[in-house]
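Input: a single structure, listed below in C-alpha cells.
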Amino acid sequence: MVEILDGKKLRDEILAELKLKIDMLDKKPSLCVILVGENPASKIYVNNKKKTAEKLGIKSVMINYPKSVTENELLEKIKELNNDVNINAILVQLPLPAHINCQNIISAISPIKDVDGFTPENLGKLFSGQTPYVYPCTPKGMLLLLDKYNIELDGKHVVIVGRSNIVGKPAAQMMLNRNATVTICHSHTKNLADITKTADVLISAVGEKLIEDNMLKPNCVVVDVGIFKDNSGKTRGDVEFDTVSRIASYISPVPGGVGPMTIASLMINTFELFMIQNKRSSGI
Ligand code: NAP
C-alpha cells in the first residue's frame, strides 16, 4: 500500500516550530520579495510567501516592478537592499522578462541575503563540498520530506528528471552528499524509461505529464516536483498519480507535496540568514 509524502502536514509542523522560535526574538527577521511583471502564477507564489511570512511574524516587503523595468534598475535596487540592515533575505521571483539577464540579477544578491541559495557563491559552495549560507528551497524541502518518512538515500539509485539550476542540479548534489548514486535526465536523454526503471527514488522536475507506472520499478519512491495546469485548469504534477500509486511505496502528491515544503524551506532559510547576520553583527 502506497504511503503519501504529505508535504502540507510536515509544512504545518515545521512552521509551528519556527513560529515559536521567531516569537522569542526581540527583533524579527525580514524577507524582501521582488516581483517583475504580471505573471499570474508568480503573483500567486509571491502572495503565498507573503501570507506565510506574516503568519510567522517575519516582516515581508514586496517590491513590484512593471515588465518594462530595466536590468540596471533592478541591479540598483538589489544593491540598495544588500546594504539595508533592515532586510535579511532577498528573493527575486523567477522567471524574469526575457530582456533581463537573470544570472546577472541573481549574482548581484549578497550571498548572506540569498534566501534561495542561487548565487554563484552559495551554489559554488554546495558543489565544492563546502557549506553554503542556505540550501536551495525546493531540494531542501524534498530532503526534509524524505527524512520525515525515514527514507534512506545512502547507496540508493536516485534518478532526477530535469537539470535546472533551481531544482535538478542542486538536488543531485544534495543527494550525492547523502551518498546516493545519482543519474540526471533531461530532454535529450535517450530511452528515459530504461533509466527511470532502475530508480530506487525517482524525482521528476519537468512541468509536463511524463511519468507513468510502466516507467518505474515496484516499490520505488516517487517525488513529483512538477506543477502545471492541465487542459481543464486543474493543477497537476509530472506523475500519473493514480496508476503510479499502485506500484510505488511512497509518492508525493501535487498539490500538497513538494510545493508546501518549498515554502517551509524558504521560511527556514529566512530565519537562518537572520540568525547568521545577527550573530555576525553582535560578534557572537
Ligand atoms: P525548467 O528550468 O523548465 O527545467 C525543466 C527540465 O525538464 C529541463 O532540464 C528539461 O530538459 C527537462 N525536460 C523537459 N522535457 C523533458 C522530457 N520530455 N523528458 C525529460 N526531461 C525533460 O523547470 P524548473 O524550474 O526546474 O521546474 C520544473 C517543474 O517543477 C515545473 O513544473 C515547475 O513549475 C516545478 N517547480 C515546482 C516547485 C515546487 O515548489 N513544487 C519549485 C520549482 C519548480 P532540458 O534541460 O534539456 O531543457
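Counting starts at 1 for both ligands and their atoms, in listed order.
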Original post:
Would you say Gln130 has more than 12 foreign heavy atoms packed within less than 6.0 Å of its CD?
Top reply: yes
Original post:
Is Lys8 atom NZ crowded by more than 12 heavy atoms from other residues, nucleotides or ligands, each under 6.0 Å away?
Top reply: no
Original post:
Counting only heavy atoms not in Lys28, do more than 12 sit closer than 6.0 Å to its NZ atom?
Top reply: yes
Subject >> Test item: Asn122 side-chain N/O and Tyr133 main-chain N/O as donor-acceptor pair under 3.5 Å >> reply: yes
Original post:
Should we count NZ of Lys217 as having more than 12 external heavy atoms under 6.0 Å?
Top reply: yes
Original post:
Got the residues with a heavy atom under 4.0 Å of ligand 1, by chain and number?
Top reply: Thr138, Val161, Gly162, Arg163, Ser164, Ile166, Val167, His186, Ser187, His188, Ala205, Val206, Gly207, Glu208, Leu210, Val225, Gly226, Ile227, Val258, Gly259, Thr262
**OP:** Keeping to residues at least two apart or across chains, list the salt bridge (charged side-chain N to carboxylate O under 4.0 Å, His left out) pairs with something in residues 154-163.
**Re:** none
